[in-house]
Amino acid sequence: DAGVIQSPRHEVTEMGQEVTLRCKPISGHDYLFWYRQTMMRGLELLIYFNNNVPIDDSGMPEDRFSAKMPNASFSTLKIQPSEPRDSAVYFCASRAQGSYNEQFFGPGTRLTVL
Amino acid sequence: AQSVAQPEDQVNVAEGNPLTVKCTYSVSGNPYLFWYVQYPNRGLQFLLKYITGDNLVKGSYGFEAEFNKSQTSFHLKKPSALVSDSALYFCAVRDGTGTASKLTFGTGTRLQVTL
């Protein structure tokens, strides 16, 4: 298996622009998680899905952030409009039902908002 | 909510010496505990987990962790450190049950192994 796939790996954009991050979970995994990592805040859980349904989005910082999972093999995290404080590394992770919560992480997307 | 604490931001150790990265937990019920490692510019990688059973858990790359219920600790250990072990280490605990189940991570400890 190729593992969790994220694209793009790097994104540089200007303040006010829309940013879309993409994730393909490991085939057969029922859960998908979006995290954000910064030096100041560490690793934060933004939202997670079970069987394509959002379970907990309490970590989404504000309405500018939205996430979707239209099918079992694809998820997006969108920021509109983007701001410099959104600069971070965004990770996607997935796990299988009944796996004792062992999550598999993607390589991350490094977002820089100028 | 369940939580873990990593009291050290950084641990420095010489290559060949034993290493310990500390983690304490606060949970209601039986804890599911995890260690992950993050190498530079990479995602987190699973090292090991404790669910039940033997208090000494063995994981990847020669790491092990000791579950201590009386001290509510789950310290990560390795008998002989390598320079290549230098990375960021995260302790985590399962938070919630059923479909509302996620991992709560600690703040991370940077391990620096020097020659």
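Every chain is numbered from 1, with letters handed out A, B, ... down the list of sequences.
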Measuring from [X]:[atom1] to [Y]:[atom2], what's the distance to the nearest 0.5 Å?
{"X": "B/I51", "Y": "A/N101", "atom1": "CD1", "atom2": "CG", "value": "7.5 Å"}
{"X": "A/F104", "Y": "B/Q45", "atom1": "CZ", "atom2": "CD", "value": "11.0 Å"}
{"X": "A/L45", "Y": "B/T104", "atom1": "CG", "atom2": "OG1", "value": "8.0 Å"}

Based on non-hydrogen pairs under 4.5 Å, which of [options] is most in contact with chain B?
{"options": "A/R110, A/R95, A/Q97", "answer": "A/R95"}
{"options": "A/E44, A/Q37, A/R9, A/Q6", "answer": "A/Q37"}
{"options": "A/Y48, A/Y35, A/F91, A/F33", "answer": "A/Y48"}

With a 4.5 angstrom heavy-atom cut-off, which part of [X] approaches chain A: side chain, backbone, both or neither?
{"X": "B/L44", "result": "both"}
{"X": "B/Q38", "result": "side chain"}
{"X": "B/T107", "result": "neither"}
{"X": "B/K49", "result": "side chain"}

More than 12 non-hydrogen atoms from neighbouring residues, nucleotides or ligands closer than 6.0 Å to [atom1] on [X], yes or no?
{"X": "A/N71", "atom1": "CG", "answer": "yes"}
{"X": "A/E18", "atom1": "CD", "answer": "yes"}
{"X": "B/R110", "atom1": "CZ", "answer": "no"}

Are [X] and [Y] connected, step by step, through hydrophobic side chains (Ile, Leu, Val, Met, Phe, Trp, Tyr) whose heavy atoms are closer than 4.5 Å?
{"X": "A/W34", "Y": "B/F105", "result": "no"}
{"X": "B/Y50", "Y": "B/Y25", "result": "yes"}
{"X": "A/L43", "Y": "B/W35", "result": "no"}
{"X": "B/F34", "Y": "B/F63", "result": "no"}
{"X": "B/F90", "Y": "B/Y39", "result": "no"}

task = Please name the pair of heavy atoms, one in A/E102 and one in B/F46, separated by the smallest distance, quoted to 0.1 Å.
result =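 What the structure gives for the nearest pair is OE2-CD2, 3.4 Å.
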
inquiry  = Can you give me the closest heavy-atom contact between B/Y36 and A/Q103, atom names plus distance?
reply    =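 Between these two residues, the closest heavy atoms are OH-N, 2.8 Å.
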
